[in-house]
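Remember, it's 1-based here, ligands and their atoms both numbered in the order they're listed.
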Amino acid sequence: MTKEATIVYLDYAATTPVDPRVVDVMTPLFRQDGDFGNPSSGHIVGRRAMEHVERATGQLAELLGCKESELVWTSGATESDNLAILGAARYRADRGRHLITMPTEHKAVSDVFQVLEKQGFEVSWLYPDHTGVLDPAELEAAIRADTQLVSIMHVNNETGVIQDIEALGSICRERDVLFHVDAAQSVGKLPLNLASMPVDLLSTTAHKVYGPKGVGALFVADRPGCHVEPLTFGGGQQNGRRPGTLAVPLIAGFGEAARIARSEMQENRAHLQSMRDRLWRGIRDMDGMLRNGSEDHSFPGILNVSIDDVEGESLLLALEPLCVATGSACNSKSQAPSSVLRALGRSDLLAQSAIRFSFGRPTATAEVDFAVARYREAVGRLRDIAPEPAP
Ligand SMILES: *Cc1c(COP(=O)(O)O)cnc(C)c1O
């Protein structure tokens, strides 16, 4: 693009910028004249660093409605998912080796289950209906006597579809099966109260809620039978559940991001919803337009649409300087159609034309209007120049 083109970023589900208030909390913690210490050190510099970790743990626990002792700091949702699934499957392996998940999960979940399948675990993959929602009766029917773990995400990162975590978790609890939830897209955006929810393990990350990249947490419920085997070994930090020197500036940043998300959740949600609805109103009348995923059970920050006769990668280029996603950013290296959209029953061609718009706190009405105009114009242009069917 030319230099003067102003970038319009509608890809907040891939990552968010760091809130300036979060940056202000983090920067002193890198510096000699700030609290740069190792929180494992017993001296005053170490103890001061530990105070920042403790404050952040309290802030995240308040956001999630859990105990501080139930949180393990990690490097992000990918590590949290791996620790939860591998750790719990291994911990309960002698009781049974059957696990349940969905093909619509993020790769940080589904790839872990594929590894476990190779290691002798049996995995049932439950399909949602054509709107992306899983019927709890499907889960009920899939649970067996030897089932140990179910992993189902809260908000889908490609479509924004919300699963009924309460209903699914209750079924798991009745049958004494551990329930893991990847909540990378929902933490800080939808209310969660883990003290009263039937969830055993929950993955979070900071960089989707205006915190820094490279830090996350895993919630491990303090109840009998719920435990994860560690994946790494070392200095014994975090009760050995995830050893290694705590990333104090990142953790403090996540804590501040959690505090802000909690205090501003309602107004942010209303803002996302008005931005998303405005975009949808602007494009819904186009020929061959299809919205992917349930409209009733959806997170207001994501809109995923497919359109006839247009290929997603070309569309992405034609949309610049509008930054949006095809499939998910995490899958963008592969040209394969999104497995999430295929699981919703979309054809390869329609799945390939999918564009995910995702909105954030900074999104302005003018940006949405720009996106509407750009999308309409780009689709029209591609349809004009490409009469040949895609291969
Ligand atoms: C972004 C995301 C992840 C990966 O999180 P990282 O912190 O980048 O490792 C996992 N699951 C979902 C649903 C996500 O949206």
Asks: Would you mind listing which atoms of ligand 1 come within a distance below 4.0 Å of any non-hydrogen atom of Gln185?
Replies: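 That gives atoms 15 (O) of ligand 1.
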Asks: Among side-chain atoms of Trp73 and Glu79, is any donor-acceptor pair under 3.5 angstrom?
Replies: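 Per modelled atom types, Trp73 and Glu79 side chains form no pair under 3.5 Å.
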Asks: Identify, by atom number and element, the atoms of ligand 1 in contact range of Gly76, meaning under 4.0 Å from any of its heavy atoms.
Replies: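 It comes down to these atoms of ligand 1: 7 (O).
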Asks: Count the heavy atoms belonging to other residues, nucleotides or ligands that lie under 6.0 Å from CZ of Arg361, then report whether that count exceeds 12.
Replies: yes
Asks: For ligand 1, note which part of Lys213 has a heavy atom under 4.0 Å away: side chain, backbone, both or neither.
Replies: neither
Asks: With only distance considered, is Val155 within less than 3.5 Å of ligand 1 through an N or O on each side?
Replies: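 There is no such contact.
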Asks: Verify whether the ring centers belonging to Phe357 and Tyr375 lie closer than 6.0 Å.
Replies: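 Yes.
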Asks: Relative to ligand 1, is Thr205 under 4.0 angstrom through side chain, backbone, both or neither, heavy atoms considered?
Replies: side chain
Asks: Are the side chain of Thr74 and the backbone N or O of Gly76 linked by a donor-acceptor pair below 3.5 Å?
Replies: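 Indeed, once roles are kept as given, a pair shorter than 3.5 Å links the two residues.
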Asks: Distance only, no hydrogens: is a donor on one side chain within 3.5 Å (strictly under) of an acceptor on the other, for His180 and Ser203?
Replies: yes
Asks: For Asp308, what residues pass the side-chain hydrogen bond (donor to acceptor under 3.5 Å, both in side chains) criterion, not counting sequence neighbours?
Replies: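 Checked Asp308 against side-chain hydrogen bond (donor to acceptor under 3.5 Å, both in side chains); zero matches.
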Asks: Is there any N or O on Ser75 that sits under 3.5 Å from an N or O of ligand 1?
Replies: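 Ser75 vs ligand 1: no N/O contact under 3.5 Å.
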Asks: Please table the atom pairs, donor to acceptor, closer than 3.5 Å between any side-chain atom in residues 194-202 and protein atoms at least two apart or in another chain.
Replies:
residue: Ser196; atom: OG; partner: Asn193; partner atom: O; Å: 3.3
residue: Ser196; atom: OG; partner: Asn193; partner atom: ND2; Å: 3.4
residue: Asp200; atom: OD1; partner: Arg173; partner atom: NH2; Å: 2.9
residue: Asp200; atom: OD1; partner: Arg223; partner atom: NH1; Å: 2.6
residue: Asp200; atom: OD2; partner: Phe179; partner atom: N; Å: 2.9

Asks: Just which atoms of ligand 1 are under 4.0 Å from any heavy atom in Asp182?
Replies: 10 (C), 11 (N), 12 (C), 13 (C)
Asks: Atoms of ligand 1 less than 4.0 Å from Asn157 heavy atoms?
Replies: 13 (C), 15 (O)
Asks: Which atoms of ligand 1 have any heavy atom of Lys208 under 4.0 Å away?
Replies: 1 (C), 2 (C), 3 (C), 14 (C), 15 (O)
Asks: Indicate, as side chain, backbone, both or neither, the part of His207 found under 4.0 angstrom from ligand 1 when only non-hydrogen atoms are considered.
Replies: side chain
Asks: Could you verify whether a donor N or O on one side chain and an acceptor N or O on the other, from Asn304 and Thr159, lie under 3.5 Å apart?
Replies: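 Per modelled atom types, Asn304 and Thr159 side chains form no pair under 3.5 Å.
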Asks: With a 4.0 Å heavy-atom cut-off (strictly under), which part of Ala184 contacts ligand 1: side chain, backbone, both or neither?
Replies: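 It is the side chain that gets close, since no backbone atom is under 4.0 Å.
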Asks: Considering the heavy atoms of Met153, write down every atom of ligand 1 situated less than 4.0 Å from one of them.
Replies: 13 (C)
